[in-house]
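These notes are about the structure you will find just below.
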Amino acid sequence: MTLIDKIRSGEARAGVVGLGYVGLPLAVEIADSGLSVIGIDVQSSKVEAINAGRSYVLDVPSTRVAALVEAGRLRATTDFASVAELDTINICVPTPLRKTREPDLSFIVQAIESILPHLRKGQLLILESTTYPGTTEEILLPLIAGAGLEPGVDVDVAFSPERTDPGNKAYTTRTIPKVVGGLNPRASEAACALYGRCIETVVSVSSPKVAEMVKLLENTFRSVNIALVNELAMLCNRFGIDVWEVIDAAATKPFGFMPFYPGPGLGGHCIPVDPQYLTWKARAEGFEPRFIELAGVINAQKPAFVVQKVADLLNDQSKPLRGSRILALGVAYKRDVDDVRESPSIDVMTLLIDKGAVVTFADPFVDSVKIHDQPVSSVELSPVSVAAADVVLMLTDHTAFDRPMIAKNAKLIVDTRNGFKGIGGSNITRI
Ligand SMILES: NC(=O)c1ccc[n+]([C@@H]2O[C@H](COP(=O)([O-])OP(=O)(O)OC[C@H]3O[C@@H](n4cnc5c(N)ncnc54)[C@H](O)[C@@H]3O)[C@@H](O)[C@H]2O)c1
């Protein structure tokens with residue numbers, strides 16, 4: 001039986017390496033489609049949680065994990081020897097930046113090196129981690145060949161970018177179309193067969209390189225458009241125009257315009273990071289990507305702009321930033337998620353603390369964060385904590401925040417997300 005037949009018949013055994021925000025939802029979808037799935041992660045706490053039927057990813061209910069574990073369709077391990085039992089292996093490990101802002105592929109390389117001793121003929125390896133065009137062919141293929149297996153002959157290889165959007169109730173792993181680029185037609189067909197079991201729409205492209213570039217186009221598109229509205233927000237502020245009103249009105253145009261919204265800066269594991277993968281690779285090829293770089297520069301100005309606005313508004317009340325009590329609402333990088341990676345809220349809070357402000361935060365999803373290596377804990381959001389603050393600073397517009405209560409009790413609200421839309425009050429300033 002060929003690999004493709006095994007996938008289609010449901011006899012294939014699937015593996016997911018890296019069980020984070022991307023890997024766990026994927027493992028659950030594949031298992032739900034009827035395949036038996038082994039998840040592999042280096043963090044034993046995650047492995048133990050899954051085997052105990054507990055989810056640590058907000059979008060994946062524990063009941064789903066528990067049912068699959070109980071049915072024997074999902075289990076997790078830290079032991080890469082399980083790779084030998086698998087027919088397909090999806091790799092979903094992190095791709096951060098080094099301190100030098102260069103791509104850090106060490107997680108991919110480590111994962112592959114752990115897989116290789118157990119890799120055998122007839123398996124399908126799919127990389128899902130976001131990375132620069134050429135990674136699959138330039139990094140994965142030589143490693144596989146070095147282990148004595150010929151990519152495309154002994155082992156099929158594909159790249160399929162992950163598009164998950166944590167917290168998004170409208171689009172889930174199952175309903176977000178999946179782009180697949182195989183090294184050859186057989187790899188594409190096998191990968192499409194795997195995803196076709198659990199994802200509604202699968203889009204095949206001609207190569208891994210194209211699939212890698214698709215992901216970077218998508219995220220660079222967001223970075224550039226967010227930079228444009230962030231610049232317009234700073235300009236509108238100078239003009240005394242409410243940028244949110246402008247965007248809402250422009251968005252009534254039914255064609256040729258797509259609304260993007262300003263905020264306190266760029267956050268998350270993807271949008272601030274992925275364009276840097278592209279610009280790094282561009283430079284390596286002797287190409288200077290100025291437009292993409294500029295977007296990063298403008299977005300990076302936003303936290304300082306927010307701090308300046310807070311200082312100006314306090315100044316209007318004859319209060320200095322030093323010693324003023326600032327209650328930040330939300331430290332997660334976006335609404336209704338618990339992820340603080342690259343969160344601009346932390347940049348804003350750090351700048352405020354550096355200027356002597358007394359900063360606390362409230363976030364229903366995050367208990368504590370580290371600022372200058374010191375833990376800062378979430379405080380309870382109550383009429384008392386709101387009234388005690390000189391400024392309530394909305395940085396992340398979580399749905400759970402009780403806006404009428406906050407508006408009623410706050411001395412001054414600075415809203416960087418239009419989170420108080422529809423709530424009147426002379427104490428609210430939208431920036
Ligand atoms: N989070 C998102 O919204 C999102 C969206 C689209 C794409 N992506 C991309 O998907 C990839 C994964 O992101 P994530 O958010 O799931 O990261 P994550 O940090 O939540 O999860 C990664 C997991 O990989 C594990 N891991 C690290 N090294 C490993 C190794 N050598 N072997 C086995 N497991 C290992 C970690 O322990 C962790 O559980 C990244 O490339 C990211 O850019 C993320």
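Positions are given from 1, in the same order as the sequence printed here. Just follow the structure's listing: the first ligand is 1, and inside any ligand the first atom is 1. Side chains included, hydrogens not; waters and symmetry mates left out as well; all remaining heavy atoms used. As the structure is a computational prediction, the values presented were derived from the model and not from experiment.
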Between Glu380 and Ser382, is there a side-chain donor-acceptor contact under 3.5 Å, judged purely by atom types and distance? no
Under 4.0 Å between a Lys/Arg side-chain N and an Asp/Glu carboxylate O for Arg430 and Glu245? no
Could you list the donor-acceptor pairs under 3.5 angstrom formed between side-chain atoms of residues 285-298 and any protein atom two or more places apart in sequence or on another chain?
unit_1	atom_1	unit_2	atom_2	d
Glu288	OE1	Arg283	NE	3.4
Glu288	OE2	Arg283	NE	3.1
Glu288	OE2	Arg283	NH2	3.1
Glu293	OE2	Thr279	OG1	3.4
Glu293	OE2	Arg283	NH2	3.2

Sequence neighbours left out, what pairs pass side-chain hydrogen bond (donor to acceptor under 3.5 Å, both in side chains) with at least one residue falling in residues 265-274? Asn219-Asp274
If you draw a 6.0 Å radius around CE in Met1, do more than 12 non-hydrogen atoms from other residues or ligands fall strictly inside? yes
Output block, N or O contacts of ligand 1, threshold 3.5 Å exclusive:
unit_1	atom_1	unit_2	atom_2	d
ligand 1	15 (O)	Arg341	NH2	2.9
ligand 1	16 (O)	Tyr21	N	3.2
ligand 1	16 (O)	Val22	N	2.9
ligand 1	17 (O)	Arg341	NH1	3.4
ligand 1	19 (O)	Arg341	NH1	3.4
ligand 1	20 (O)	Tyr21	N	3.1
ligand 1	37 (O)	Asp41	OD1	2.6
ligand 1	37 (O)	Gln43	NE2	3.0
ligand 1	39 (O)	Asp41	OD1	3.4
ligand 1	39 (O)	Asp41	OD2	2.6
ligand 1	39 (O)	Lys46	NZ	2.8
ligand 1	41 (O)	Val93	O	3.4
ligand 1	41 (O)	Thr95	OG1	2.6
ligand 1	41 (O)	Thr130	N	3.0
ligand 1	43 (O)	Thr130	OG1	3.4

Can you give each donor-acceptor pair under 3.5 Å made by side-chain atoms of residues 391-407, sequence neighbours left out, with the distance rounded to 0.1 Å?
unit_1	atom_1	unit_2	atom_2	d
Thr396	OG1	Gly330	O	3.3
Thr396	OG1	Ala332	O	2.7
Thr396	OG1	Ser345	OG	3.4
Asp397	OD2	Arg335	NE	3.4
Asp397	OD2	Arg335	NH2	2.9
His398	ND1	Asp336	N	2.8
His398	NE2	Asp363	OD1	3.1
His398	NE2	Asp363	OD2	2.9
Thr399	OG1	Asp336	OD1	3.2
Thr399	OG1	Asp336	OD2	2.4
Asp402	OD1	Met405	N	3.2
Arg403	NE	Gly419	O	2.6
Arg403	NH1	His398	O	3.0
Arg403	NH1	Thr399	O	3.4
Arg403	NH1	Phe401	O	3.1
Arg403	NH2	Asp397	O	3.4
Arg403	NH2	His398	O	3.2

